[in-house]
Amino acid sequence: MSTLSKNFEPAQVEEQWYQHWMNKRYFHSTPDSRKPFTVVIPPPNVTGVLHMGHTLNETVQDVLVRKARMSGFNACWVPGSDHASIATEAKVVQLLEKEKGIRKADLTRENFLKHAFEWKDKYGGIIYHQIKKLGCSVDWERATFTMDEHYYQAVIKVFVDLYNKGMIYRGARMINWDPAAQTALSDEEVEYKDIQGKLYYVKYKVADSEDYITIATQRPETIMGDTAVCVNPNDERFAHLRGKQVLVPLVNRAVPIIFDEYVDPAFGTGALKVTPAHDINDYNLGLKHSLPIIDTLNADGTLSAAAEVFVGMDRFEARKAVVAQLQEEGLLVKEEEYSTRLGFSQRTSAVVEPRISTQWFVQMKEMAGKALGAVTSGEVKIHPEERFMATYKYWLENVKDWCISRQLWWGQRIPAWYDADGRFVVAATESEANQLFQTTFGQPAGGTLTQDEDVLDTWFSSWLWPMEVFNGITQPGNEEINYYYPTNVLVTGQDIIFFWVARMIMAGMEYKNERPFEHVYFTGMVRDKQGRKMSKSLGNSPDLLELIERFGADAVRFGILISAPAGNDLLFDDSSCDQGRSFNNKLWNALKLVKLWEANGIAQYDRNEEDFRKAAFAADWFAARLATVREQVEKMYSEFRLSEALKTIYSLIWDDFCSWYLEWVKPPFGQPIDGHLYSCTLDYFEQLMQLLHPFMPFVTEEIYHQLRERADGDDLTIRQFEPVAESIGVERDAVLAQGELLKSLITAIRDARVKNQLKPKDSIKLHVQTAAEANYSLFEGLLLKQVNAEAFSFVQDAVAGSIAVVLGTDKLYLETEVQLDTAAQKDQLLKDLEYQRGFLISVDKKLSNERFVQNAKPEVVEAERKKRSDAEQKIKAIEESLEALG
RNA sequence: GGGAGCAUAGCUCAGCUGGUUCAGAGCAUCUGCCUUACAAGCAGAGGGUCCUUGGUUCGAAUCCGAGUGCUCCCA
């Protein structure tokens, strides 16, 4: 046996075992006769690094996957990453400019993509490295990227198919425009924030009159796009303006005054300027009243020629300029502080501009209905259900069509092909498009067809993830998709419930007519100690690799999980990793103790049955505890209460195993341990490591191998759980009760020792007055050892001059040479007495209430009667002890 | 503005279908211990009108209503 280090040293152990598991290909899965347990990783963004939210997610998945792998399943966890269209393109553009001085505008699409792929190859590996360091048991041979060739084909195939089914259409709509990335966004990519803005009151001159009408607006820079002023038809103040026109300031355009109940007379001045090109509500109003649309903004957020004034100026600069100009012309009535909500691009943080634009959309209604059904019917189960079911339902019931085109290059290019006249067909390839053009329009395309310049929303690729990682779209019905689909559980953050989860269910129902996963487990958001969201801008997100370096991967996994109650947001703090590291150490030291016993030699003690059973009490008790906890943990797994499961295992190991069991079986200093106890101890230790392994894979694997010599391939990672034994050779409840009794005896006596200021080394003689002497026979020896008593006897009466302790109805007397403070003892007993008397009164009160006795269930009444008689006996015992004290 | 969730020890939380095995756990705190695996430890202890307020009930931390505070989602 090599000498074990003082403390557990994770770094080398982790490296070595991960390599070993990889060499053995334990994480690689191929279809076989076992039941599959499939998990697909929520693909992290290829440009990013893992933050604590990912860490939590990956850890949860790894726990579930490892548990399944150890429970007879063919576990398959597919890793991968997504191409994150907007974010990656923005980064690549930035980098090209900075490092090589290349502007995107100067590049061809092909060249740009070449750079993007180079960049992805260079930096995309960071995430995978982090996943490895964390110990995740993913099947690396299956790693998938959403821009892989087959995946690209799958996305195109689905687009063409949905188009042919009439579920994808192209049209001009008001969409969310990101002026920084210069692309359309879906509704989900816009984040609304409260902003302190201003409301400007502006006078519009009524045409052919000296009258003015005052409107209120937040966006004076869009005045030049006004095509009407609208008031409420029931508003008497404006009745005289019916049929009149007003002159738009700065551009002096005459526009009509229109009447619509949409306008709230109480808001602002009751008059609304209508700018159909730049506000969604105005747009709808414009449609209703057939107003012209004047788009006064360019794609980059500067004023267009249509604005006539301040052309080329940025929209926010233009706002100041317009206000100044209005003021100069005496048209600005006043400014007012105003709090409102503004939309920001999730990716670039630019203020989103509502803009009319021709884009591609997916019809959502039908698919949303199916996705909703899958969840309400229970086919897909959401955890924790009460928290997220309502959100999920609400979104699907109110879903709008999905804008999927993005004005970018990094992504799957939309397979629509146009001729010079703007006629188009949708087909996977150019040659198919040419053919289709012929059949559709009865003539060949005039000249060559050009493909749509835009790419698809990244989520339009990731919604196929659970299928296409198994080539389920490109090769439907293949062996793998048949075997692995549907997956078992999806673990993800609640923030992408719409972006991703709901859409995956839609795609699954559409293309497999089957749910993509049975369970969805939503983790909470990771926040810092002060409850703030972790974000790059706050700089409050710890670096994962650094954390692992400081504490070890097992400790980090422990730390994040122990503070993560199901579905709740969790406040992450380094100190929980510290707790994990201490736990590692505790395990390590327990190992050292056991190894020490091994070194001290194993003895065969006399197995005379009675004596042997006594010696084996500790072993029987722990077997019972282990079996009980394993059942509890099993249940917690099935309910996804992983944090609780970990706590339960932690306490079983630290408290039951280390603090109680090991102390109970520990041989006297220097003496050899009994062979039976020793092998029991190794078995238990081994089983504990197995139980903990899904949570803390490295340290457990290491200890597993330290405990006993292992044959090649006998590794904890693949070791199968034995079913929890129905019988452990003794009556489980009885032995557990005995153990509890022993523990409370030890604690009570130790407490009495401390309160009476006995030094740990001061020996005592223990006398017990009890009606159930048999209870003590099994563990008498253990009891003496644990409370440093040199003698034990049963007595019928109080022992004068001793410390009296009342435990239940038993009385314990600690005889000692040390001078005692009887006053302190008396105080303690009086306190107990007072409590018991109060308790008795409350029980009596209940039992003397006729309605309670009549209405409550008989067993409840019976329990109360038992409580009463117990309390009476306890009171009697305390009173006797007090009497003996004098 | 619409909807959802939460409120229990200093902190983070557990308490399922109402009844002192229900007022708990882990951290943190306090007091003893360098006891021969572990001071990143051992032994022991203290600490809560279960947000407020009505109601249902023989009985409410638990069920219902109202209020207050916080969080999230949507427009």
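Chain A is the first sequence line, chain B the second, and so forth, proteins listed ahead of strands; every chain is numbered from 1.
- Side chain to side chain, A:Gln671 and A:Asn600 fail the donor-acceptor criterion of an N or O pair below 3.5 Å.
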Just the table, please: protein N/O against nucleotides 56-63 of chain B N/O, every pair under 3.5 Å.
from: B:rC58; atom 1: O2'; to: A:Asn849; atom 2: ND2; distance (Å): 2.8

Taking only nitrogen or oxygen atoms into account, show me every contact under 3.5 Å that the protein makes with nucleotides 39-46 of chain B, one pair per line with its distance.
from: B:rA40; atom 1: N6; to: A:Asn7; atom 2: ND2; distance (Å): 3.4
from: B:rA40; atom 1: N3; to: A:Asn585; atom 2: ND2; distance (Å): 3.4
from: B:rG41; atom 1: OP1; to: A:Ser582; atom 2: OG; distance (Å): 3.3
from: B:rG41; atom 1: O3'; to: A:Lys586; atom 2: NZ; distance (Å): 3.3
from: B:rC42; atom 1: OP1; to: A:Lys586; atom 2: NZ; distance (Å): 2.7
from: B:rC42; atom 1: OP1; to: A:Trp654; atom 2: NE1; distance (Å): 2.8
from: B:rA43; atom 1: O3'; to: A:Arg750; atom 2: NH1; distance (Å): 3.4
from: B:rG44; atom 1: OP1; to: A:Thr747; atom 2: OG1; distance (Å): 3.4
from: B:rG44; atom 1: O2'; to: A:Asp751; atom 2: OD1; distance (Å): 3.3

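- Under the 3.5 Å distance criterion, the side-chain polar atoms of A:Asn584 are left unmatched by any main-chain donor or acceptor of A:Phe8.
- Taking both residues in full, the closest heavy atoms of A:Val805 and A:Ala748 are given as CG1-CB, 4.1 Å, listed atom of the first, atom of the second, then distance.
- Following rounding to the nearest Å, A:Ile560 (CD1) and B:rC13 (P) show an atom-to-atom distance of 13 Å.
- Taking the C1' atom of each, B:rG26 and B:rU68 are spaced 30 Å apart, rounded to whole Å.
- Under 3.5 Å, the side chains of A:Ser186 and A:Glu189 contain a donor-acceptor pair of N or O atoms.
- Counting to the nearest Å, the P atom of B:rU20 and the NZ atom of A:Lys874 are 14 Å from each other.
- Between B:rG24 and B:rG47, the two P atoms lie 12 Å apart (nearest whole Å).
- Ring centers of A:Trp621 and A:Trp660: at least 6.0 Å apart, outside the cut-off.
- Annotation: B:rC11 and B:rU52 have their C1' atoms spaced 23 Å apart (nearest Å).
- The distance between atom CD of A:Glu864 and atom C1' of B:rU21, rounded to the nearest whole Å, is 12 Å.
- Contact record, A:Val853 with A:Val861: O-CG2, 4.1 Å, taken as the closest heavy-atom pair.
- One interatomic measurement links the two molecules: CZ of A:Arg641 to C1' of B:rG15, which rounds to 10 Å at whole-angstrom precision.
- The structure places CG of A:Leu814 at 4.0 Å from CD1 of A:Ile764, a figure rounded to the nearest 0.5 Å.
- Separating the C1' atom of B:rG59 from that of B:rA39 is a span of 49 Å, rounded to the nearest Å.
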Per-residue pairing states of RNA chain B in dot-bracket (Watson-Crick or G-U under 3.5 Å; . unpaired, | other strand) read (((((((..((((.....[....)))).(((((.......))))).....(((((..]....)))))))))))).
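- Within the 4.0 angstrom heavy-atom criterion, no nucleotide atom of any strand lies near A:Gln757.
- Rounded to a whole angstrom, the distance from the C1' atom of B:rC64 to that of B:rC70 is 23 Å.
- Distance, A:Glu639 CD to B:rA14 P: 14 Å, rounded to whole Å.
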Can you tabulate the close N/O pairs, meaning under 3.5 Å, that link protein atoms to atoms of nucleotides 22-30 of chain B?
from: B:rG26; atom 1: O2'; to: A:Gln579; atom 2: NE2; distance (Å): 3.3

Where do N or O atoms of nucleotides 71-75 of chain B meet protein N or O atoms at under 3.5 Å, pair by pair?
from: B:rA75; atom 1: N6; to: A:Arg341; atom 2: NE; distance (Å): 2.5

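- Separating the P atom of B:rC72 from that of B:rG67 is a span of 22 Å, rounded to the nearest Å.
- When the ring-ring contact (aromatic ring centres under 6.0 Å, His included) test is applied to A:Tyr684, the partners found at least two apart in sequence or on another chain are A:Phe622, A:Tyr661.
- Counted by atom type alone, A:Asn176 and A:Asp187 present one or more donor-acceptor pairs between their side chains at under 3.5 Å.
- When atom types are taken as modelled, the side chain of A:Ser744 and the backbone of A:Glu740 share a donor-acceptor pair closer than 3.5 angstrom.
- Formation of a donor-acceptor pair under 3.5 Å by the A:Lys393 side chain with backbone atoms of A:Val375 is not found in this model.
- Nearest heavy-atom pair, A:His278 versus A:Pro354, reported as atom, atom and distance to 0.1 Å: O-CG, 3.7 Å.
- Distance A:Trp597 CH2 to B:rA37 C1': 9 Å, rounded to the nearest Å.
- Taking the six-membered ring wherever Trp is involved, the centroid distance between the rings of A:Tyr650 and A:Phe695 does not fall below 6.0 Å.
- Rounded to whole Å, atom P of B:rC13 lies 13 Å from atom CG of A:Asp573.
- Looking at A:Phe657, A:Trp597, A:Trp588 one by one, the single match for ring-ring contact (aromatic ring centres under 6.0 Å, His included) with A:Phe685 turns out to be A:Phe657.
- Contact between A:Glu663 and A:Lys785 at its shortest, heavy atoms only, is O-NZ, 3.3 Å.
- Mapped onto RNA chain B by nearest heavy atom, A:Pro668 and A:Lys635 fall at different nucleotides, with A:Lys635 at the one closer to the 5' end.
- Taking atom P in both B:rG46 and B:rC6, the straight-line distance is 33 Å, to the nearest Å.
- To the nearest whole angstrom, the two C1' atoms, one in B:rA9 and one in B:rG48, are 5 Å apart.
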| query | Please walk me through it: do A:Leu547 and A:Met52 pass side chain to side chain contact (heavy atoms under 4.5 Å, CB included)? | reply | CA-CA 10 Å; A:Leu547 270 187; A:Met52 291 317 287; 3.8 Å; yes
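- Computed from coordinates, the A:Phe685 CZ to B:rA37 P distance equals 14 Å when rounded to whole Å.
- When all heavy atoms are compared, the tightest approach of A:Glu790 to A:Ser763 is OE1-OG, 3.3 Å.
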